[in-house]
Number of protein chains: 2
Amino acid sequence: MSKQAASRTVLDLNSDTPCCQPLAQRRVPAETAAVLAPAFKALGDPVRLQLMSMIASAEGGEACVCDLTPAFDLTGPTISHHLRTLREVGLVDAERRGTWVYYRARPAILRQLATLLAVEPTTTS
Amino acid sequence: MSKQAASRTVLDLNSDTPCCQPLAQRRVPAETAAVLAPAFKALGDPVRLQLMSMIASAEGGEACVCDLTPAFDLTGPTISHHLRTLREVGLVDAERRGTWVYYRARPAILRQLATLLAVEPTTTS
DNA sequence: TCTCTGGTTAGACGGGCGTCAAGACAGGGT
DNA sequence: ACCCTGTCTTGACGCCCGTCTAACCAGAGA
């Protein structure tokens, strides 16, 4: 949190306090949907979903762009564009250390999304 | 539980058996991402996210279109279009009973998505 | 059967998204 | 200081998405 961050005002999605109840328990209000939908939309691209997974599951919790880019059959700018999309919705955070840029996942917002999708283990049938 | 399960033509998103491990534990393969991304994309629209919530949290587990449509400032065909999107990715199921059409949530795929986004409760910071 | 209501489908339009090539920027090495 | 490597930004292009109006289809009721 040293640099200017994403300057996107991601609300409280990055906090650990749950922003909302599970989707199946209470109807999600319009304002909440307007804030959470972009995060799901960001994960709605196969490349970004893989990028998110590679970053979140990386050793030490961070992944270098130099490791992410060659994993796809896409150009560098395209990967950079997808990474920026993930950053703008608060799913990842970027940090430049020397030559390379490292991306780190933000588990808080992932928890928010997972909580929203949570379903009762035994709901009728 | 090897990666062989992903070699299927279509992942069984409607089964209760988890299709994959959490996104932050293991890198999600391309085929899995290609199947799951559309589901996230479907939830990436505020209207569809609210529709999904209204259906999943409805009494009796199902919601009538006649109750869904007036909740938005959109035309009937637009709501119908969004509902079809949710149906095509397997998030909901539609059934016509008499005059009205009822939509029902599919908790299995919701569980799949929630599992994918699951994060260790106490990992690092 | 005819008609009325509710819901979906078809067609179209404007805006946004994914992708690339080319240029700009940041740091390190010589 | 210069260049070289690595990454991000810009501008552009084509496709897809969200929305609408108009037309079509399925049941219920008379």
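Order of the sequence lines sets the chain letters (A, B, ...), proteins ahead of strands, with each chain counted from 1.
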Separation of atom [atom1] in [X] from atom [atom2] in [N], rounded to whole Å:
{"X": "B:Asp67", "N": "C:dG7", "atom1": "CG", "atom2": "C1'", "answer": "14 Å"}
{"X": "A:Trp100", "N": "D:dC8", "atom1": "CH2", "atom2": "P", "answer": "13 Å"}
{"X": "B:Phe72", "N": "D:dG18", "atom1": "CZ", "atom2": "P", "answer": "14 Å"}
{"X": "A:Leu51", "N": "D:dC8", "atom1": "CG", "atom2": "P", "answer": "11 Å"}
{"X": "A:Leu86", "N": "D:dT7", "atom1": "CG", "atom2": "C1'", "answer": "16 Å"}
{"X": "B:Arg84", "N": "C:dA10", "atom1": "CZ", "atom2": "C1'", "answer": "10 Å"}
{"X": "A:Glu95", "N": "D:dC8", "atom1": "CD", "atom2": "C1'", "answer": "17 Å"}

task = Determine the contact category for B:Tyr102: base if any of its heavy atoms lies under 4.0 Å from a base atom, sugar-phosphate if only primed atoms, P, OP1 or OP2 are that close, otherwise nothing.
result =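 It contacts nothing in the nucleic acid.
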key: Contact letters for nucleotides 18-30 of chain C, in which S counts primed atoms plus P, OP1 and OP2 and B counts the base, heavy atoms under 4.0 Å   = SBBBB----SS--
Connected via hydrophobic side-chain network under 4.5 Å: A:Met52 and A:Val101 =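 A:Met52 and A:Val101: one cluster.
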query = Are A:Leu68 and B:Leu23 connected, step by step, through hydrophobic side chains (Ile, Leu, Val, Met, Phe, Trp, Tyr) whose heavy atoms are closer than 4.5 Å?
reply = yes
message = So which atom in A:Pro46 and which in B:Ala33 form the shortest heavy-atom distance, rounded to 0.1 Å?
response =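 Minimum heavy-atom separation between A:Pro46 and B:Ala33: O-CB, 3.7 Å.
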task = Kindly say whether B:Arg111 contributes a backbone atom to a donor-acceptor pair with the side chain of B:Thr115 at under 3.5 angstrom?
result =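 Yes, the answer is positive, given that a donor and an acceptor are paired below the 3.5 Å cut-off.
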ask   = Does a side-chain heavy-atom distance below 4.5 Å link B:Leu113 with B:Leu43?
value = yes
task = Look at B:Tyr103 and C:dT8 and indicate whether a side-chain polar atom (N or O) is within less than 4.0 Å of OP1 or OP2.
result =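 It does, given that an N or O in the side chain of B:Tyr103 lies less than 4.0 Å from OP1 or OP2 of C:dT8.
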Those residues that, when tested against A:Thr78, pass side-chain contact (heavy atoms from CB on, under 4.5 Å) (two or more places apart) =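 So A:Thr78 forms a side-chain contact (heavy atoms from CB on, under 4.5 Å) with A:Leu74, A:Thr75, A:His82.
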